[in-house]
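Since the structure comes first, as structure tokens, the remarks are kept for the end.
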Amino acid sequence: MTVSSRSAAREEVLARVRSAVGDSSAVEQSYAQVPRGYRDAGGGERPWEAGAPQTVALFLERLADYGASARLVDASAAPSAIAEALAGRSASTVVVPHGFPEQWRAGLAGVRVLGDDPPVGLDALDAVDGAVTTAAIAAAATGTFVLDGGPGQGRRALTLVPDYHLCVIPADRIVRSVPQALARLDPVRPLTLVSGPSATSDIEMKRVEGVHGPRTLEVLVVAAEPPPEDHRPIDDPAES
Amino acid sequence: MNGTTFLGMPAFPRAARDALGDAQLRRNLAEATRTIRDKRAEAVGELPDWEELREAGRVLKEHTLRHLDRYLLQFEERVTAAGGTVHWARDAAEANRIVADLVRRTGRSEVVKVKSMATQETGLNTALEQAGVRAYETDLAELIVQLGQDRPSHILVPAIHRNRAEIREIFRREMGTGAVGDDPADTDALGDDPHELAEAARRHLREKFLRAEVGICGANFLVAETGTVVVAESEGNGRMCVSLPETLICLAGIEKVVPRWQDLEVFLQLLPRSATGERMNPYTSTWTGTADRDGPREFHVVLLDGGRTATLADPIGRQALNCIRCSACLNVCPVYERVGGHAYGSVYPGPIGAILGPQLRGTASAVDRSLPYASTLCGACYEVCPVKINIPEVLVHLRARVVDDSRRRPLPRLEGLAMAVARWALSSPRRLAGAQRMAAAAARLLRRDRPIRRLPGPLAGWTDARDLPVPAPESFRTWWRRTHP
Ligand code: SF4
């Protein structure tokens with residue numbers, strides 16, 4: 001593929017587009033007219049919903065719906081909950097990315113921890129018992145959490161190759177809706193939206209959990225400390 | 001070459017009749033589409049703002065298409081700035097050539113693939129094979145289709161026409177033969193429980209993922225503002241393909257672009273609920289160019305025209321380009337449910353296939369000329385479409401186009417003749433009565449009470465797609481006159 005034929009194709013496709021749609025001025029104005037009557041457009045205006053008890057409850061319920069085990073723990077109980085979860089899997093080696101919160105690390109005392117620094121090879125990653133990470137943000141309505149490669153989340157392969165993923169999420173990172181979550185993300189980062197364990201509906205349209213990604217997903221939501229006083233009700237719990 | 005219909009594909013009516021005779025196929029389809037219809041209805045019913053989301057989706061798509069040149073250029077600029085390379089392909093052959101060249105440059109002869117409609121449309125796997133590259137489909141349904149040397153019959157669930165027992169047979173036969181490089185010991189004992197089948201696929205592909213150097217994917221959305229590519233999937237095979245290889249090649253139609261990151265808040269709500277009836281699909285990966293120490297070091301996007309600009313030029317037909325490939329219209333379509341996807345003769349079956357295929361490829365082939373008729377115009381597809389494509393409207397429009405095309409042919413067509421005769425007969429009560437008497441006489445001559453499956457000679461075209469009731473032995477008019485003297 002030479003440069004000139006490449007740009008010839010480019011010019012031709014663009015010319016065809018232009019002749020098909022005519023003049024395309026006033027892009028901004030026309031974009032501004034997109035009707036956005038749906039809820040939380042642009043991230044919405046209900047910041048108090050982040051981490052609110054109703055939001056957390058909805059998140060846990062939606063995750064359970066997908067077959068992920070999910071529970072809420074107090075901040076002080078987080079390390080023991082992590083240890084318990086790993087013991088439940090009989091995990092002996094786990095990978096834990098750089099930046100995983102120090103206050104939770106006590107929960108890793110019983111296992112061998114790979115830090116991915118230097119990067120763990122794929123075969124070694126395939127052999128570990130699981131990955132323990134946190135998440136950047138979560139959306140309750142769909143039971144989704146998002147990994148953005150930031151602190152405590154690591155590169156994508158870490159939460160993909162091992163068969164078990166334990167994700168520990170501070171409650172205040174849980175927002176209610178998909179628009180609220182997307183508005184808080186940086187699209188330049190490598191993002192992975194996770195909603196339950198790997199699954200397929202390819203055989204007779206029946207959902208089966210567990211194909212190529214981690215077949216077991218466990219989520220611990222860590223309540224803020226002290227628990228929030230503000231139990232302000234959510235105005236319209238339409239999706240619960 | 002602008003994408004192809006399946007080789008030697010008969011026109012829709014004949015293929016449909018063959019499919020209707022396959023009881024197993026009809027059972028598999030009825031069962032699967034019912035399951036997914038119910039799930040979708042539930043997931044959609046949960047959102048009080050569904051109609052607002054649909055409207056936003058429709059207008060966003062319309063807006064983007066109207067300014068497509070701007071958004072494509074913006075996308076190209078952002079991808080390039082983020083370390084990726086953008087290529088342009090006028091048609092399927094050019095797209096395949098670009099991808100094959102890129103693979104060849106890596107020096108590899110194997111690639112892992114995420115399910116992608118665009119690569120199916122261009123027949124990329126065959127093109128790669130001819131270039132000496134073996135492409136492994138990694139989506140479970142695609143794997144079933146590939147191993148079964150079969151053709152896809154649904155956009156989202158290409159093996160929807162297979163039930164678990166059939167899938168087990170395919171896996172048993174193909175996974176243990178050595179040709180696909182697996183341990184034959186396990187496959188004999190394979191049962192037909194979906195969990196077991198999924199496990200078999202996991203083991204079958206694991207090695208290939210871990211040693212893959214080149215990944216090929218499509219895209220659900222391309223974000224112009226940021227240069228971000230979005231791939232939504234369920235199994236984790238997509239994450240494998242976009243994360244583990246050194247080189248990633250994405251082939252996407254030019255209509256996949258959306259203006260801004262914020263717009264995903266609309267489409268990521270519309271797509272999963274319409275597609276699998278889930279609130280959200282298990283995995284969605286997004287990436288912008290190449291990232292330090294994460295994912296591929298080399299990233300290419302091939303933007304495919306392949307008949308899209310021709311579609312765009314038709315003010316009514318262009319709405320087909322709004323499609324986000326959720327397949328909800330297939331699952332509600334009474335015609336699709338009965339005949340399945342193969343009868344549509346291309347990778348886009350169902351209502352969307354009936355309006356997209358003839359536009360992307362033109363109406364030169366018999367199958368593409370017959371597709372606009374592969375519908376009862378019941379409107380169920382329009383109702384469920386998350387981006388409000390008025391499929392019946394486009395179907396009628398394309399029917400007119402097919403008829404206009406045939407009018408331009410020099411010889412009078414039988415249909416035209418028949419219409420002229422009908423006009424003559426219907427324009428006078430006396431002539432009509434005469435015609436009805438003749439029909440009744442013909443019926444008595446036929447001495448049958450079963451419908452006529454096949455008319456003789458040049459009239460056969462009419463019965464290709466329908467049975468003809470035997471004319472009543474007596475017309476209503478004669479009966480009325482006889483019984484009401
Ligand atoms: S036409 Fe509409 S309903 Fe059909 S696949 Fe496309 S987006 Fe979905």
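Chain naming here is simple, since letters A, B, ... match the order of the sequence lines and numbering starts at 1 in each.
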Please classify the contact of [X] with chain B as side chain, backbone, both or neither, using a heavy-atom distance under 4.5 Å.
X        : result
A:Val146 : neither
A:Ala181 : neither
A:Leu217 : neither
A:Asp148 : neither

Original post:
Does anything in residues 132-160 of chain A pair up under ring-ring contact (aromatic ring centres under 6.0 Å, His included), and if so which pairs, sequence neighbours excluded?
Top reply: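 Residue pairs passing ring-ring contact (aromatic ring centres under 6.0 Å, His included), neighbours aside: A:Phe145-A:His165.
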
Do [X] and [Y] come within less than 4.5 Å of each other through their side chains, counting heavy atoms only?
X        : Y        : value
B:Tyr283 : A:Ser198 : yes
B:Arg90  : A:Arg16  : yes
B:Arg293 : A:Pro119 : yes

Subject >> Among the listed options A:Ala183, A:Ser19, A:Pro214, A:Pro35, the residue most often paired with chain B at heavy-atom distances under 4.5 Å >> reply: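 Maximum pair count with chain B is reached by A:Pro35.
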
**OP:** Could you have a look at A:Ala41, A:Ser201, A:Ala15 and say which one has the most heavy-atom pairs with chain B under 4.5 angstrom?
**Re:**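 It is A:Ala41.
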
**OP:** Taking all heavy atoms of B:His63 and all of A:Val27, pick out the closest pair and write down the distance.
**Re:** CE1-O, 3.3 Å

Original post:
Which pair of non-hydrogen atoms, one from A:Glu209 and one from B:His195, has the smallest distance, and what is that distance?
Top reply: O-CD2, 4.2 Å

With a 4.5 Å cut-off on heavy-atom pairs, point out which of [options] contacts chain A the most.
options                               : value
B:Arg239, B:His154, B:His161, B:Glu52 : B:Arg239
B:Asn163, B:Thr33, B:Leu65            : B:Asn163
B:Glu225, B:Glu62, B:Glu76, B:Arg34   : B:Glu76

Original post:
Going through the checks in order, is the side-chain contact (heavy atoms from CB on, under 4.5 Å) test met by B:Leu197 and A:Val208?
Top reply: CA-CA 10 Å; B:Leu197 296 169; A:Val208 174; over 6 Å; no

**OP:** Please check if the side chain of A:Arg156 supplies one atom and the backbone of B:Ser243 the other of a donor-acceptor pair under 3.5 Å.
**Re:** no

Original post:
Donor-acceptor pair, B:Trp261 side chain versus A:Leu182 backbone, under 3.5 Å?
Top reply: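 Yes, because the side chain of B:Trp261 sits within donor-acceptor range (under 3.5 Å) of the backbone of A:Leu182.
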
**OP:** Consider only side-chain N and O atoms of B:Glu265 and A:Tyr38, and report whether a donor and an acceptor are under 3.5 Å apart.
**Re:**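 Distance-only check passes for B:Glu265 and A:Tyr38.
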
